[in-house]
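See below for the structure under consideration.
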Amino acid sequence: MNNSAKLELDGRIYELPLVVGTEGERAVDISQLRQQSGWITLDEGYGNTGSCRSNITFIDGEKGILRYRGVPIEELAEASTFIETAFLIIYGQLPTQRELRRFSELLTRSENIHEDMKYHFEGFPSNAHPMAILSSMINAASCFYPELMRGYDPATFEAQAARLISQVRTIAAFAYRKSRGMPIIYPKPSFKYTANFLHMMFSDPYEDYDLKPEVVRALDLIFLLHADHEQNCSTATVRFIASSQANLFASAAAGVCALWGPLHGGANQAVIEMLDHIRSTGDDGSRFIQEVKDKKSGKRLMGFGHRVYKHYDPRAKIIKRKCDELLNALKVEDPLLDIAKRLEETALRDPYFVERRLYPNVDFYSGIIMRAIGIPVEMFTVVFAIGRMPGWIANYREISMGSASRIYRPRQIYTGSNQRPYVPISERGSDGGSASRGTGQPAQPAR
Ligand code: ACO
């Protein structure tokens with residue numbers, strides 16, 4: 001294979017180095033292109049742009065492969081736990097028994113948020129979305145740890161990372177309790193990570209929640225399957241913020257905001273709302289599929305499609321199986337599961353979805369598991385955020401440790417007005433405001 005590509009621009013040939021990843025992924029390195037030629041590349045939505053080199057997660061979207069630090073997701077789902085996987089993602093190796101014990105102890109020691117932080121919860125309206133509370137509170141938490149203000153510091157990173165993983169779950173549970181007007185339940189040091197989250201969500205001061213092992217395992221699996229997913233919208237956001245040397249908590253809070261959108265992590269909530277809508281209108285799903293195919297409807301089959309996977313999302317396969325298992329074990333019959341399965345079958349046979357290679361993604365069945373556990377729909381994306389925390393932390397660490405890291409600062413192709421003079425307000429005419437005068441689009445075609 002050649003080790004460079006040739007690009008001809010303005011009659012001059014530029015040699016662009018080729019980069020090959022450890023799994024054979026290929027890229028043309030254009031990092032010197034603008035400096036050498038004055039040209040930039042344009043890739044709206046970044047579908048063809050590698051923004052970094054990373055050792056953390058590998059995805060082959062054509063084959064439906066996902067590996068954390070080289071370990072297949074199927075093996076981790078079968079044999080690992082969320083916390084062991086979190087260690088693997090952040091530190092690059094599966095922990096020894098001693099390392100895992102130490103990591104777990106650190107998480108336990110960090111599980112309580114600063115007592116003064118509880119007052120912040122009082123400031124939110126009772127109907128606030130828990131994702132808004134989560135992002136605000138993660139950011140607010142940085143006020144309580146002055147060492148964070150120094151940015152990335154290898155000496156304190158381990159403690160900060162543990163604090164973030166542990167406390168995101170405490171904050172999430174407190175946010176939920178606050179939104180329901182229920183008293184806060186403190187974490188119990190004797191409980192493991194996921195059991196403790198369920199305890200803080202569902203126990204009462206006078207009665208502990210009945211922790212069913214199959215429920216704990218199902219939720220732990222959901223966390224594990226969400227733990228990282230290379231350069232998705234929220235992780236790329238975390239890297240973006242980290243590249244300016246903002247602190248870990250600020251970067252993670254931004255990740256939560258990016259995750260919230262319905263095209264990203266918010267899709268798990270949107271899936272259940274969609275299934276509920278289909279059920280309430282007496283549709284068996286076929287009418288909805290027709291609507292989705294009509295672009296004018298503006299509707300999408302939520303939980304379907306993925307920027308990278310052009311094959312069944314491997315996480316969706318695992319979750320679908322777990323969904324059947326858990327509902328059987330709990331003897332829960334959820335009509336939404338039947339609708340989801342019918343929708344999937346119909347979509348996978350329909351040329352619209354087949355031609356566009358749209359398959360169920362991780363969000364399609366995860367909400368049904370969470371419903372069966374009793375997690376309210378507005379908390380679904382929060383559960384995703386708890387799961388994604390190790391991935392964000394690992395990416396934060398990777399960019400902060402990288403000696404070659406530069407601040408993320410893309411370019412753009414400007415398509416606005418050419419230079420024009422400032423017009424005094426008295427000379428701008430009287431009819432209509434700026435809103436009716438347009439959107440700042442060029443008065444003449446861009447040259
Ligand atoms: N329903 C209907 N049509 C879809 C869907 C869908 N869910 N997803 C993509 N398409 C269509 C698009 O309309 C487009 O059609 P066109 O070529 O005729 O214009 C084509 O498939 C390609 O879609 P894009 O939007 O270009 O794909 P992109 O990679 O930008 O978007 C995304 C990926 C956002 C995930 C998209 O598939 C989507 O909106 N899915 C629904 C929301 C969802 O489930 N998000 C969760 C993603 S996984 C995660 O974040 C954890």
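For ligands, and for the atoms within them, numbers begin at 1 and follow the listed sequence. Numbering of residues begins at 1 and proceeds along the displayed sequence.
Remark: of the listed residues Trp260, Tyr176, Phe380, Trp260 is the sole one forming a ring-ring contact (aromatic ring centres under 6.0 Å, His included) with His129.
Geometrically, Arg239 does not engage Tyr408 in a cation-pi contact, judged by NZ or CZ lying under 6.0 Å from the ring centre and within 45° of the ring axis.
The two atoms that bring Ala250 and Asn139 nearest to each other are CA-OD1, 3.6 Å, heavy atoms only.
Ranking protein heavy atoms by distance to atom 7 (N) of ligand 1, first place goes to Leu301 O, 2.8 Å. The protein non-hydrogen atom at the shortest distance from atom 35 (C) of ligand 1 is Gly305 O, 3.7 Å. Ranking the protein heavy atoms by distance from atom 16 (P) of ligand 1 puts Lys295 NZ, 3.2 Å first. His306 CD2, 3.6 Å is the protein heavy atom nearest to atom 48 (S) of ligand 1.
Residue His264 places at least one N or O, backbone or side chain, under 3.5 Å from an N or O of ligand 1. The shortest N/O to N/O separation between Phe384 and ligand 1 does not fall below 3.5 Å. The shortest N or O to N or O distance between Leu358 and ligand 1 is not under 3.5 Å. Between Leu263 and ligand 1, a contact under 3.5 Å exists for at least one N or O pair. At least one N or O atom of Asn361 sits closer than 3.5 Å to an N or O atom of ligand 1. Backbone and side-chain nitrogen or oxygen atoms of Met302 are examined, and none is located within less than 3.5 angstrom of a nitrogen or oxygen of ligand 1. Considering backbone and side-chain N/O of Arg315, none are found under 3.5 Å from N/O of ligand 1.
Of the possible donor and acceptor atoms, none in the side chain of Thr237 sits under 3.5 Å from a partner among the backbone N and O of Gly255.
Ring geometry, Tyr359 versus His311: the interplanar angle falls under 30°, so the pair is classed parallel (tilted spans 30 to 60°). Taking the six-membered ring for Trp and thresholds of 30 and 60 degrees, Phe353 and Phe304 have ring planes more than 60 degrees apart, a perpendicular arrangement. In this structure, Tyr193 and Phe82 have tilted ring planes: the angle between them lies in the 30° to 60° band.
Closer than 4.0 Å to atom 45 (N) of ligand 1 lies at least one heavy atom of the protein. The protein does not reach atom 27 (O) of ligand 1 closely, with no heavy atom under 4.0 angstrom from it.
Near Ala267, meaning under 4.0 Å from any of its heavy atoms, are these atoms of ligand 1: 43 (C), 44 (O), 45 (N), 46 (C). Of all atoms in ligand 1, numbered sequentially from 1 with element shown, those under 4.0 Å from a heavy atom of Val292 are 1 (N), 2 (C). Contact atoms of ligand 1 toward Gly303: 43 (C), 44 (O) (distance under 4.0 Å to a heavy atom of the residue).
For Val362, every heavy-atom contact with ligand 1 shorter than 4.0 Å involves the side chain, none the backbone. If you look at Asp363 next to ligand 1, the close heavy atoms, those under 4.0 Å, all belong to the side chain.
Nearest-heavy-atom check against atom 23 (O) of ligand 1 across Arg307, Arg300, Arg356 picks out Arg300. Between Phe304, Tyr359, Tyr352, it is Tyr352 that holds the heavy atom closest to atom 3 (N) of ligand 1.
Using a 4.0 Å cut-off between a side-chain N of Lys or Arg and a carboxylate O of Asp or Glu, Glu62 and Arg357 qualify as a salt bridge. A salt bridge is absent between Asp228 and Arg69: the closest approach of a Lys/Arg side-chain nitrogen to an acidic carboxylate oxygen does not fall below 4.0 angstrom. Using a cut-off of 4.0 Å between Lys/Arg side-chain N and Asp/Glu carboxylate O, Lys322 and Glu325 are scored as salt-bridged.
Using a 4.0 Å heavy-atom cutoff, Gly45 is absent from the residues neighbouring ligand 1. Between Lys293 and ligand 1 there is no heavy-atom distance shorter than 4.0 Å.
Aromatic pair His306/Tyr312: ring centres not closer than 6.0 Å. Aromatic rings of His199 and Tyr209 (six-membered ring for Trp) have centroids beyond the 6.0 Å cut-off, not under it.
In this structure, a donor-acceptor pair under 3.5 Å is present between the side chains of Ser234 and Trp392.
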